[in-house]
Amino acid sequence: MIVSNHRPFHHKYRPKQLDELIGQKFISITLKQALLSDKIAPAYLFNGPRGTGKTSSARIFAKSLNCLAFDNSTVNPCGKCELCKRIDEGNALDIIEIDAASNTGVENIREIIEKARFSPSQARWKVYVIDECHMLSTAAFNALLKTLEEPPRQVVFILATTDPQRVLPTILSRCMRFDFRRISLKNLENHLINIAKKEEISINDEAVSLIAKHSQGGLRDAESLLDQ
């Protein structure tokens with residue numbers, strides 16, 4: 001008998017395109033407009049509570065910039081080409097995700113800056129996603145600032161944070177800022193009901209409502225609770 005590994009719901013139902021973002025319609029529209037008009041900023045700040053779609057949006061944006069099925073940026077990445085798959089799996093060479101909580105020092109940022117000067121090896125755009133960027137040291141922020149002031153061509157920085165007050169004002173001024181909101185109860189409940197139907201899970205409305213309330217506006221927490 002073949003036993004398949006269980007994929008956690010927050011991985012299995014991670015949005016693949018900007019239109020699939022839950023409860024972040026304004027952000028979806030604005031990022032799509034940037035792609036359609038080919039006005040790509042060198043740096044973005046994704047701010048908001050945990051589990052509201054910041055990292056997912058960063059990956060989708062990276063796919064939209066680089067999908068091999070199109071010659072230019074697209075709002076509908078195919079999700080099937082080698083690069084889209086690698087980005088979804090988190091192992092694309094030119095899409096670098098860094099957890100600032102464990103890479104706080106200036107040496108880590110200097111290494112990023114050195115590599116950012118080189119052209120992408122596979123993709124059109126090199127994308128750096130720095131999660132929990134508020135954890136960077138002041139020296140690291142200052143090193144990053146020099147790169148944001150004179151950004152290399154075909155490089156995009158996406159800084160994600162739950163605490164923008166701890167990000168240097170000089171960094172904030174160089175970024176296009178997007179504020180992710182806590183997801184409404186109604187959106188959470190509808191999303192959980194859709195997952196339950198797809199997974200053939202029998203669950204009543206009261207239980208769905210309880211999970212949605214307990215997750216406090218965080219989609220990832222709601223999916224994990226349903227999974228449990």
Side-chain angles (χ1 to χ4, degrees), residues 8-35 40-66 73 75 77 79 84 86-92 94-104 108-109 112 125-136 140-141 144 148 155-168 171-184 187-188 191 212 215-225:
F9 288 171
H10 67 278
H11 286 163
K12 189 173 182 179
Y13 293 100
R14 195 169 202 160
K16 304 293 187 199
Q17 297 195 355
L18 291 170
D19 282 337
E20 296 175 13
L21 289 176
I22 307 291
Q24 311 295 352
K25 188 174 182 180
F26 174 76
I27 290 170
S28 171
I29 290 170
T30 310
L31 288 176
K32 281 165 65 178
Q33 189 57 44
L35 291 162
I40 310 302
Y44 296 84
L45 182 83
F46 288 0
N47 163 61
R50 64 189 215 101
T52 51
K54 300 185 297 295
T55 307
S56 292
S57 297
R59 285 189 180 182
I60 294 168
F61 197 60
K63 285 193 299 183
S64 296
L65 288 171
N66 291 306
S73 302
V75 296
C84 279
R86 284 186 176 276
I87 294 170
D88 279 336
E89 292 163 2
N91 58 19
D94 296 311
I95 315 303
I96 301 95
E97 296 185 22
I98 301 125
D99 178 13
S102 53
N103 294 278
T104 60
N108 305 110
I109 293 300
I112 290 169
W125 292 81
K126 191 176 282 189
V127 181
Y128 288 92
V129 182
I130 305 178
D131 198 17
E132 299 298 343
C133 69
H134 60 271
M135 299 290 285
L136 292 174
F141 269 132
L144 180 61
L148 297 185
V155 174
V156 172
F157 286 90
I158 299 177
L159 312 183
T161 181
T162 54
D163 193 356
Q165 307 300 325
R166 290 168 63 187
V167 179
L168 287 186
I171 294 286
L172 293 176
S173 69
R174 298 296 191 281
C175 297
M176 184 174 286
R177 178 167 168 167
F178 290 86
D179 292 319
F180 286 70
R181 300 178 178 181
R182 292 187 186 277
I183 295 156
S184 70
N187 279 333
L188 282 174
H191 183 62
S215 65
Q216 299 182 324
L219 190 69
R220 187 171 63 232
D221 287 350
E223 290 168 339
S224 295
L225 283 169

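It should be emphasised that the depicted structure is a prediction, and the values quoted were computed from it without experimental measurement.
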Could you check if a side-chain atom of S73 sits within less than 4.5 angstrom of a side-chain atom of S64, using non-hydrogen atoms only? no

How many angstroms lie between atom CD1 of I183 and atom CG of L219, to the nearest 0.5 angstrom? 4.5 Å

Using side chain to side chain contact (heavy atoms under 4.5 Å, CB included), reason through E223 and H11 one step at a time and then give a plain yes or no. CA-CA 9 Å; E223 290 168 339; H11 286 163; over 6 Å; no

Check whether any side-chain heavy atom of N47 sits under 4.5 Å from a side-chain heavy atom of V167, and report yes or no. no

Is the closest side-chain heavy-atom distance between I158 and S57 below 4.5 Å? no

The side chain to side chain donor-acceptor pair (under 3.5 Å) partners of H10 (sequence neighbours excluded) come to none

Working to the nearest 0.5 angstrom, can you tell me the gap between I98 CD1 and I112 CD1? 3.5 Å

Using the rule given for salt bridge (Lys or Arg N to Asp or Glu O under 4.0 Å), can you reason through D88 versus K63, listing the C-alpha separation, both sets of side-chain angles and the distance that settles it, and then say yes or no? CA-CA 8 Å; D88 279 336; K63 285 193 299 183; 3.0 Å; yes

Yes or no on side chain to side chain contact (heavy atoms under 4.5 Å, CB included) for I130 and T161, after CA distance, side-chain angles and deciding distance? CA-CA 9 Å; I130 305 178; T161 181; over 6 Å; no

Stepwise side chain to side chain contact (heavy atoms under 4.5 Å, CB included) check, L144 with R174: CA-CA 11 Å; L144 180 61; R174 298 296 191 281; over 6 Å; no

Can you name the closest pair of heavy atoms from G23 and N187 and give their distance? CA-ND2, 3.7 Å

Is the shortest heavy-atom distance from the side chain of I87 to the side chain of V127 under 4.5 Å? no

Parallel, tilted or perpendicular, as decided by the 30° and 60° cut-offs, for the rings of Y128 and F157: parallel

Starting at CZ of F46, measure out to SG of C175 and round the result to the nearest 0.5 Å. 10.5 Å

As an exercise, state the distance from NZ of K54 to OG1 of T162, rounded to the nearest 0.5 Å. 6.5 Å

Keeping to residues at least two apart or across chains, list the side chain to side chain donor-acceptor pair (under 3.5 Å) pairs with something in residues 16-29. D19-K32

Value rounded to 0.5 Å, distance of CZ in F141 from CG in L172: 8.0 Å

Does a side-chain heavy-atom distance below 4.5 Å link P164 with R177? yes

I want to check something: taking the side chain as every heavy atom from C-beta on, are I40 and V156 in contact at a cut-off of under 4.5 Å? yes

Minimum heavy-atom separation for R182 and Q216, please, with both atom names. NH1-O, 2.9 Å

Considering residues at least two apart in sequence or located in another chain, which fulfil the salt bridge (charged side-chain N to carboxylate O under 4.0 Å, His left out) criterion with D221? R50

Can you give me the closest heavy-atom contact between L45 and C133, atom names plus distance? CD1-SG, 4.2 Å

d(F178 CZ, L31 CG) to nearest 0.5 Å is 4.0 Å

salt_bridge(E97, R59) N-O dist < 4.0 Å: yes

Apply side chain to side chain contact (heavy atoms under 4.5 Å, CB included) to residues I109 and L136 and explain how you reach the verdict. CA-CA 9 Å; I109 293 300; L136 292 174; 3.9 Å; yes

